[in-house]
Enquirer: 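Mind looking over this structure? Questions follow.
Please read these numbers as outputs of a predicted model, since none were measured by experiment. Values below: all heavy atoms of this structure, side chains included; hydrogens, waters and symmetry mates excluded. Counting starts at 1 for both ligands and their atoms, following the listed order.
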Amino acid sequence: MILKIVAYGIRADEKPYLNEWSKANPEVTVTSTGKLLDETTVDLAKEADGVVVYQQKPYTANVLNKLASYGVKNISLRNVGVDNIDATAVKQNGFKITNVPAYSPQAIAEFTVTELMRLLRNTKTFDRKIANGDLRWAPDVAEELNQMTVGVFATGRIGRAAIQIYRGFGAKIIAYDVFHNPELEKEGIYVDTPEELYAKSDVLSIHAPATKENEHMLNDEAFSKMKDGVYILNPARGTLVDTDALIRALDAGKVKGAALDVYEDEVGVFNTDFGSFDKIPDERLKNLLKRDNVLVTPHIAFYTKKAVHNMVWFAMDANKSLIETGNSDKLVKF
Ligand code: COI
C-alpha cells in the first residue's frame, strides 16, 4: 500500500534531507510545500494519511478540525515545542501527534554557551569599537566563567547538555527543576526553589518549555531576587521572560547582560528579512537589539546541519510509524 504524507513549511535547507528520506522510503509518496499549515493550505492534506509540519505560528482549532474532517489524524512536528497547538482540538479530534524531542540538544547548548562567552568578553562592544577604529582595551575588562556560578533552570536534555559544557569551563553549577535527574541528584546540584536559584546564580541559563504556569516567570519580582549584575540566557521560549521587566532590570544595571534567542513577540518577525534595521516593526525589540550588553538572535540556536537533518528524518519516520502502526516512540501526551 502506498502511504501519503504531506510535508508543510519545508525550507530550502530541509529539502535535500526530505529527498533523501523519500528515496529511502519508496513506499511513501511525499508531497512537500514551502507553505505553512493554515486555513489557506490545509486542503493540500485532503488525501493524505499524515502531515509533517514545523511552524511558530499557532496550529488553530479551525485548521485542526478541518484536518480531522478529512480523516487526517497523524501529525508529526519537526521540532520540540508543542506550546502553539490547540490542545482542546487535539483531544476532541483524537489526533496522534509526535514531536522530535532530541534533534540535537547539543546545538542549543553550544549556542547558549557561545552567547554567554560573547557577553562575558564584551565582543559586541569590541566589534563596534574596532569598526570605529578604537582599538583600546578599557573600560571593557571581561569576567571569567570559571569564577562564576551558573544556575541552570530545567535539567531536561538541553539543560544537561549545557551543564556538560559549563563544566568544561570550570564553572560551578547549580540547578532547579521540578523533576530531578537521578545522576545530577547524586551530585547534589539541585536547589529547592527558583528563588534560591535566582539568589545564588551569577548566570541564569533557562531551558524550560513554555507552559501556562511559567509565562513571564522572569518578571520584576524574579529579577529583584537575583544577584546584582546577573547574566540572563534564554534560548528556550520568549514567553518565559517579561520583556518590559527585563528592560527595566537592564536599565537599572540589575541584569548586566542578556542573550535572547527567543522573544515573546517573535512570530512573524524572526526569520524575516526587513531590508534594514529601521524597518524592523517592533520598537521594543529594536531597543534590545541596540544594546551592547544584549545579544538578540532570531531563534537560531537549533539551526545546525545535524539538527535540521534529524528534524526531517525523525519527524518523517515518526509520521510513517503513526500511519503504519498507530503508534510512535515520539508520541506527545496532551
Ligand atoms: C523547537 O524545536 O521547539 C524550537 O524551538 C526550534 C525551532 C525554531 C525549530
Enquirer: At the 4.0 Å heavy-atom cut-off, does Tyr103 count as touching ligand 1?
Expert: yes
Enquirer: Could you tell me whether some N/O pair between Val80 and ligand 1 is separated by less than 3.5 angstrom?
Expert: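 In this structure, Val80 places an N or O atom under 3.5 Å from an N or O of ligand 1.
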Enquirer: Looking at atom 7 (C) of ligand 1, what's its closest protein heavy atom, distance included?
Expert: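 Ranked first by proximity to atom 7 (C) of ligand 1 is Tyr54 OH, 3.4 Å.
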Enquirer: Under the 3.5 angstrom rule, does the side chain of Tyr166 hit a backbone N or O of Leu145 as a donor-acceptor pair?
Expert: no
Enquirer: Within the 4.5 Å heavy-atom criterion, are Asn84 and Lys57 side-chain neighbours or not?
Expert: no
Enquirer: Pull out every atom of ligand 1 sitting under 4.0 Å from any heavy atom of Gly81, numbered as shown with elements.
Expert: 1 (C), 3 (O)
Enquirer: Name the closest protein heavy atom to atom 9 (C) of ligand 1, giving the residue it belongs to and the distance to 0.1 Å.
Expert: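 The closest one turns out to be Met311 CE, 3.3 Å.
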Enquirer: Tell me which donor-acceptor pairs under 3.5 Å the side chains of residues 292-302 have, and how far apart each pair is, sequence neighbours excluded?
Expert:
from   : atom 1 : to     : atom 2 : distance (Å)
Asp292 : OD1    : Arg128 : NE     : 3.4
Asp292 : OD2    : Arg128 : NE     : 3.0
Asp292 : OD2    : Arg128 : NH2    : 2.5
Asn293 : ND2    : Lys256 : O      : 3.0
Thr297 : OG1    : Asp261 : OD1    : 2.7
His299 : ND1    : Gln56  : NE2    : 2.9
His299 : ND1    : Glu266 : OE2    : 2.5

Enquirer: Under 4.0 angstrom from ligand 1, any heavy atom of Arg237?
Expert: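 Arg237 counts as a contact of ligand 1 under the 4.0 Å cut-off.
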Enquirer: Members other than Val82 in its cluster, when Ile, Leu, Val, Met, Phe, Trp, Tyr link by side-chain heavy atoms under 4.5 Å?
Expert: Val6, Tyr8, Leu37, Val42, Leu44, Val51, Val53, Tyr59, Val63, Leu64, Leu67, Tyr70, Val72, Ile75, Leu77, Ile85, Val90, Phe95, Ile97, Val332, Phe334
Enquirer: Please report the shortest heavy-atom distance between Lys227 and Ala199, naming the atom on each side.
Expert: CG-O, 3.5 Å
